[in-house]
Structure formats: C-alpha cells, structure tokens
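Working notes, structure below.
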Amino acid sequence: MRDISQKFYNDSYDKLGINAQRKYPNEEFLRFLEREFSSKHEYGKRKEIKILELGSGSCSNLWVLAREGYDAYGIDFSEKGIELGKEVLKRWGVTANAVLGNFRELPYENEYFDGVFDILATHCQMESQFLTCIDEVKRVLKRGGSFLSFFPSANSDAFTNYKPAKKIEEFTLNGIIRETSPYNGGCHPFHFMYPEKYKSILEERKFKVTNLE
C-alpha cells in the first residue's frame, strides 16, 4: 500500500509542484510547538532539542521548526516531496535534516528525539502498518518526550459517508472519491480511527495522553 500512496504524492508534486501542499505551517502543529517547547525554551537555546516530522513533504512545517531554532528533522516517502522541501528550506534560509524513508523503519537511534509530530501523514497506511509506525515513534522518542498526531476521525463525514469509495479493511478506504468530502482527492489508502481507540493504542504503548480532540 505504501507504493500506492507514494505514487499518488509523487504524481501530485510532478503535476502541481510546490502547490501540491500548503506553503505555511499547520495550526495544530504551531499550537503543539508553543505548548510543548517554545513556551519552555528561549530562542537561542533550542538547538539541542531534536524534533521529527513524519511526512514532512515539501517542508511547510519543517521550515518554521528550523527557523524557530530547533534541530529539525523530517522523513517522507516521496522523492519529489523531499526535493521540493529542500528548495523551500533554502528559500527560507534554514537547514533541516529531511530524508527519504519509511515511517515503519525510522532510521534513528532509540530515544533520539524530544518531539515527534504527524500532520495527516500516518493515515496513508493499513491499520497493521500504522501500529508498527506507532511502535517506531515510541522507540525513537525520549522518555518524557512529546508526540502530536493529527489523524482523521472515524466520526468524520469523510468516513461515515464514504461511498463511492470502498472499504479495503474495516476502517480504511481505498481513497476519498466523493467530491464534497473534506478530504477529496486522496487517491490512496486512507485510514480512520475513533478517538478512544487511538487513545487506547497509545496507552497500551505507555504514552500518557494529555490532549484528545
């Protein structure tokens, strides 16, 4: 399924270039960054804080992370996304460690990151693949580190009114086909979860869930 998602995003970047993704950071990411890090660490004293984005794409979040003085890392399965992301970082005059890779085999040491965040990226997998990804997040996150996941809810109209898309497993669609869907255009495996299920998955892995929206 990774190949389908990978092809979709590579094709999107080929067709639309930088306009395939947003150019400015996600609001939930900015709240997370302020709440968990920026309010606690003065600018100029942040370079030792390592933060990873899963699905960094064209670096619309990563350039802000780097500009705020953090040691910024990103991983994405789209070669085109990584290429565009490096151009974006250069345009903003910042540096970050953006690499091509797999969420389920993160190329980092145990307890390497102070923070990890996922903005609508890890849902592009089947459920078992997603669970492996969460195990990897747990492995690379330091004790006391922070994790943000912005994930589509099974309560969303995109899932409850999913046709003409098809289910390829109980909570995974083969894409978002309905034109009026909030996520229209995602022609790849699209996984949803109920909030309480996600909470239980995290708690089984000894995460302390402090915010669930």
Side-chain angles (χ1 to χ4, degrees), residues 1-14 18 20-21 25-26 28-29 32-33 36-37 46-90 92 94-151 188-191 198 201-202 204-207:
M1 293 302 174
R2 174 176 176 267
D3 291 342
I4 297 173
S5 299
Q6 186 179 40
K7 183 178 186 305
F8 170 79
Y9 281 101
N10 277 334
D11 289 348
S12 295
Y13 285 122
D14 271 338
I18 198 64
Q21 296 286 312
N26 172 272
E28 293 302 324
F29 156 67
F32 167 75
L33 187 64
E36 300 296 328
F37 297 101
R46 299 171 179 171
K47 196 57 182 175
E48 298 303 314
I49 300 173
K50 294 179 169 59
I51 302 178
L52 169 69
E53 178 175 18
L54 303 176
S56 53
S58 53
C59 296
S60 61
N61 295 314
L62 215 58
W63 72 260
V64 173
L65 190 62
R67 193 160 185 170
E68 284 295 302
Y70 296 98
D71 192 5
Y73 291 74
I75 186 168
D76 200 278
F77 58 22
S78 169
E79 300 93 335
K80 298 294 183 181
I82 293 293
E83 290 175 11
L84 284 170
K86 290 180 177 179
E87 292 178 14
V88 168
L89 293 170
K90 185 176 180 180
W92 286 100
V94 295
T95 58
N97 300 280
V99 300
L100 184 68
N102 186 334
F103 301 159
R104 303 187 297 279
E105 297 177 359
L106 297 177
Y108 309 106
E109 298 175 3
N110 295 350
E111 299 188 32
Y112 191 72
F113 292 103
D114 300 276
V116 177
F117 67 99
D118 154 37
I119 304 297
L120 289 175
T122 63
H123 71 285
C124 299
Q125 309 175 93
M126 305 296 280
E127 182 172 353
S128 62
Q129 296 172 322
F130 169 76
L131 294 176
T132 300
C133 172
I134 294 299
D135 288 335
E136 279 290 272
V137 171
K138 178 66 176 179
R139 180 184 66 79
V140 302
L141 195 61
K142 293 179 182 178
R143 291 193 179 191
S146 298
F147 174 48
L148 166 70
S149 181
F150 192 65
F151 200 95
H188 52 73
F190 212 103
H191 186 58
Y198 202 166
I201 287 170
L202 293 172
E204 285 170 5
R205 289 157 176 79
K206 308 302 180 185
F207 284 90

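It should be emphasised that the depicted structure is a prediction, and the values quoted were computed from it without experimental measurement. Side-chain atoms are counted along with the backbone in the values below, which use heavy atoms only and exclude waters and symmetry mates.
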Between Phe103 and Cys124, is a side chain to side chain contact (heavy atoms under 4.5 Å, CB included) present by the stated rule, with each step listed? CA-CA 11 Å; Phe103 301 159; Cys124 299; over 6 Å; no

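- Contact annotation: the side chain of Asp71 approaches that of Asn97 to within less than 4.5 Å [non-hydrogen atoms, C-beta and beyond].
- For the atom pair Phe32 CZ and Phe117 CZ, the distance stands at 7.5 Å (nearest 0.5 Å).
- With a 4.5 Å cut-off on side-chain heavy atoms, Phe37 and Leu65 do not count as touching.
- A salt bridge is defined here as a Lys NZ or Arg NE, NH1 or NH2 lying under 4.0 Å from an Asp or Glu carboxylate O, and Glu87 with Lys90 fails to meet this definition.
- With ring centers used as reference points, His123 lies under 6.0 Å from Phe190.
- A distance of 14.0 Å separates OG of Ser58 from NZ of Lys80, quoted to the nearest 0.5 Å.
- In this structure, CZ on Phe29 lies 7.5 Å from CG on Leu62, to the nearest 0.5 angstrom.
- Side-chain contact check for Leu52 versus Val137: every heavy-atom pair is 4.5 Å or farther apart.
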Can Lys50 and Tyr73 be said to form a side chain to side chain contact (heavy atoms under 4.5 Å, CB included), step by step? CA-CA 7 Å; Lys50 294 179 169 59; Tyr73 291 74; 3.6 Å; yes

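- Note that CZ of Phe151 is 5.0 Å distant from OG1 of Thr122, once rounded to the nearest 0.5 Å.
- Closest heavy-atom contact between Ala66 and Ala72: N-CB, 4.0 Å.
- Heavy atoms only, all atoms of each residue included: Gln125 and Cys133 are closest at NE2-CB, 3.9 Å.
- Taking each heavy atom of Gly55 and Ala121 in turn, the nearest pair found is CA-CB, 3.8 Å.
- Atom NZ of residue Lys206 and atom NZ of residue Lys138 lie 9.0 Å apart, to the nearest 0.5 angstrom.
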Please determine whether side chain to side chain contact (heavy atoms under 4.5 Å, CB included) holds for the pair Leu106 and Tyr112, giving the CA-CA distance in whole Å, both sets of side-chain angles, and the decisive distance to 0.1 Å. CA-CA 11 Å; Leu106 297 177; Tyr112 191 72; over 6 Å; no

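- Side-chain contact between Ile82 and Lys86: present, with at least one pair of heavy atoms (C-beta onward) separated by less than 4.5 Å.
- Put simply, the side chain of Ile75 reaches to within 4.5 Å of the side chain of Leu54, judged on heavy atoms.
- Trp92 contributes no side-chain N or O that, together with a main-chain N or O of Leu89, makes up a donor-acceptor pair within less than 3.5 Å.
- Closest approach of Asp76 and Gly57 over heavy atoms only: OD2-N, 2.8 Å.
- Side chain of Arg46 to backbone of Glu68: a donor-acceptor contact under 3.5 angstrom is found.
- Closest heavy-atom contact between Ile51 and Leu33: CD1-CD1, 4.0 Å.
- Looking at heavy atoms from C-beta onward, Asp114 lies out of side-chain contact with Tyr70 at the 4.5 angstrom threshold.
- Panel note: side chain Arg143, backbone Glu111; no donor-acceptor pair is recorded below 3.5 Å.
- Closest non-hydrogen pair, Trp63 versus Pro25, comes out as CZ2-CD, 4.2 Å.
- Using a 30° and 60° split on the angle between ring planes, Phe130 and His191 fall in the tilted class, from 30° to 60°.
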Does Val116 form a side chain to side chain contact (heavy atoms under 4.5 Å, CB included) with Glu136? I'd like the steps, not just the answer. CA-CA 11 Å; Val116 177; Glu136 279 290 272; over 6 Å; no

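- Within the model, atoms CZ of Phe147 and CG of Asp118 stand 5.5 Å from one another, a figure rounded to the nearest 0.5 Å.
- Residues Leu131 and Arg205 form a side-chain contact, since some pair of their non-hydrogen atoms from C-beta on lies under 4.5 Å apart.
- Remark: side-chain polar atoms of Asn61 are paired, donor with acceptor, to backbone N or O of Asn26 under 3.5 angstrom.
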